[in-house]
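What follows is a short report on a single structure.
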Number of protein chains: 2
Amino acid sequence: MSRTKARTTLLQELEEAMRRSSAQGVLYGQTVANVAGIANSDLECMDILYLEGRVTAGRLAEVTGLTTGAITGVVDRLEKAGLVRRERDEKDRRKVFISVVPEKAMKIGQLYVPMQQAMEKVFGAYSDEELRLLLRFATEGYKGVLAATEALKSLLDTPPEKRPDLKLKKLRRET
Amino acid sequence: MSRTKARTTLLQELEEAMRRSSAQGVLYGQTVANVAGIANSDLECMDILYLEGRVTAGRLAEVTGLTTGAITGVVDRLEKAGLVRRERDEKDRRKVFISVVPEKAMKIGQLYVPMQQAMEKVFGAYSDEELRLLLRFATEGYKGVLAATEALKSLLDTPPEKRPDLKLKKLRRET
DNA sequence: ACATATATCTTAGTCACTAAGAGATTTAGC
DNA sequence: GCTAAATCTCTTAGTGACTAAGATATATGT
């Protein structure tokens, strides 16, 4: 092994570091839900509503992967908490649009402040040039993970006994 | 706004990209659990067992944040699936060590192959120098998120009416 | 009009989780 | 050594979010 870290070591460390930070990110989200006093899926839906604005119940089911029945429950709870409103579409009265109630939802937004501050601090240490590299990486990483997820999902449709036996290069860590 | 992307825009895009890739990472994990036919927490425990090796039931509860009762259920299911074994500690017979059964667990390890391949492909496009930057970022990012989580958790112990009113800089996205 | 499609909600049942406390074993104090 | 307290896992009862299937209401195509 050379004086500068060998590439394989570097890759392993990188994988490990990304796994950890990603896991911690999940934990942050759970903590937000916890402090806000709502379920995890409820928070996820609030997130989607922030990103997409006014959205139908069916769309929420689509994006979250939950059944429409489950979404009914999510929206019931959020509505009871005053965080969202149901609005029937006047053009197509089957549809129900869900929209956030900004004043209430803001309190949840506040829970992301510690995270934003932490990220600001981290990002602050990098030049524009470096940030562009990080952006490129994040974007490509996303595409990679997306593709991997699709590849894995296709296994779900294949009956177990017919699955191509993937060659496992190494266990994720020897113990 | 200058010809090169303004820094604020860059930061926003970066935040967005990281959020998306992180969310997709979670989805990958859920898909793995799905294909493996085990619950999410069960998979998380398998992960911990890979990382830490032979571990007590109590330690699993500690790391996952589940109650010991819940862990009993997790281990019951994993044991029934043949993925782990319970082993009473001979020195302290109250303790129960959990250890993976490598032959069976390998099948789950295989489900990470698509992800590993995707990551290899992404990482392959970067120089050692660049990878070191990414590693540094991932490590610092982890610390940041960890600190943010702790900060948020401390709110949990503060009764809601006494919570310092965090100043919300901006909603995460205007719609 | 009528059948079919679409969007949400309802119902019944399942599963992982928590809280509380019951064993079983170890440790500490006297 | 013996008893009390502490530690570790498991058990029990109850809860809450989820799915599957189908009910309800509205829209669309022939």
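Residue numbers start from 1 in every chain, and the chains themselves are labelled A, B, ... in the order their sequence lines are given, proteins ahead of strands.
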Requested in this report: Output the distance between atom CG (B/Leu66) and atom CD1 (B/Ile71), rounded to the nearest 0.5 Å.
Outcome: 4.5 Å
**Report entry** Which residues share a side chain to side chain contact (heavy atoms under 4.5 Å, CB included) with B/Asp89, sequence neighbours left out
**Finding:** B/Lys91, B/Asp92, B/Lys95, B/Phe97
Query - Carboxylate-amine/guanidinium proximity below 4.0 Å for B/Glu16 and B/Arg19 - result: no
Query raised in the report: Ignoring hydrogens and geometry, is there a side-chain-to-backbone donor-acceptor pair from B/Arg88 to B/Arg93 under 3.5 Å?
Result: yes
Anything under 3.5 Å between a protein N or O and an N or O of nucleotides 21-25 of chain D, put it in a table, one pair a line.
none

Query raised in the report: Do A/Arg132 and A/Phe137 come within less than 4.5 Å of each other through their side chains, counting heavy atoms only?
Result: no
Report summary line: Interatomic distance, CG@A/Leu133 vs OG@A/Ser127, rounded to 0.5 Å, equals 9.0 Å
Query raised in the report: What residues, two or more places apart in sequence or in another chain, satisfy salt bridge (Lys or Arg N to Asp or Glu O under 4.0 Å) together with A/Arg77?
Result: A/Asp42
Query raised in the report: Please give, in whole Å, the distance from C/dC9 P to A/Leu66 CG?
Result: 14 Å
**Report entry** Protein-nucleotide distance (A/Arg59, atom CZ; C/dT6, atom P), rounded to Å
**Finding:** 17 Å
Query raised in the report: What distance do A/Tyr28 atom OH and B/Leu152 atom CG have between them, rounded to the nearest 0.5 Å?
Result: 4.5 Å
Requested in this report: Name the closest nucleotide to the B/Thr67 side chain, picking from C/dA19, D/dC10, D/dT19.
Outcome: C/dA19
Query raised in the report: When the distance from CD1 of B/Ile98 to P of D/dC8 is rounded to whole Å, what number comes out?
Result: 14 Å
Query raised in the report: Is A/Glu140 paired with B/Lys121 through a side-chain N to carboxylate O contact shorter than 4.0 Å?
Result: no
Query raised in the report: What is the nucleic acid contact for B/Ala57, judged by heavy atoms within less than 4.0 Å: base, sugar-phosphate only, or nothing?
Result: sugar-phosphate
Query - Whole-Å gap separating C1' (C/dT6) and NZ (A/Lys95) - result: 9 Å
Query - Backbone N/O of A/Val100 and side chain of A/Tyr50: donor-acceptor pair under 3.5 Å - result: no
Query raised in the report: Please give, in whole Å, the distance from C/dC9 P to A/Ile71 CD1?
Result: 10 Å
Return the polar atom pairs (N/O with N/O) between nucleotides 12-16 of chain C and the protein under 3.5 Å, or none.
none

Could you go through nucleotides 2-4 of chain D and list every protein N or O atom that sits under 3.5 Å from one of its N or O atoms, giving the distance for each pair?
none

Report summary line: NZ of A/Lys143 to CD of B/Gln24, rounded to nearest 0.5 Å, is 13.5 Å
Report task. Kindly compute the distance separating CD (B/Glu79) from CZ (B/Arg86), expressed to the nearest 0.5 Å. Result -> 5.0 Å
Query raised in the report: How long is the span from the CD1 atom in B/Ile98 to the CG atom in B/Leu78, to the nearest 0.5 Å?
Result: 9.0 Å
**Report entry** Heavy-atom closest pair, residues B/Leu111 and B/Val35
**Finding:** CD2-CG1, 3.9 Å
Requested in this report: Could you please name the option among C/dT18, D/dC10, D/dC18 that lies closest to any side-chain atom of A/Val74?
Outcome: D/dC18
Report task. Figure out the CG/C1' separation between A/Asn34 and C/dC17, and round it to whole Å. Result -> 13 Å
Requested in this report: Give the rounded distance in Å between these two atoms: CZ of B/Phe97 and P of D/dT9.
Outcome: 9 Å
Report summary line: Out of D/dC18, C/dT8, C/dT25, minimum distance to the side chain of A/Thr72 belongs to C/dT8
Requested in this report: Find which nucleotide of DNA chain C each of A/Asp92 and A/Asp76 is nearest to by heavy atoms, and output the residue with the more 5' nucleotide.
Outcome: A/Asp92
Report summary line: B/Asn40 atom CG is separated from D/dA17 atom P, nearest whole Å, by 17 Å
Query raised in the report: Which residues, if any, of residues 79-91 of chain A bring a heavy atom under 4.0 Å of DNA chain C?
Result: A/Arg86
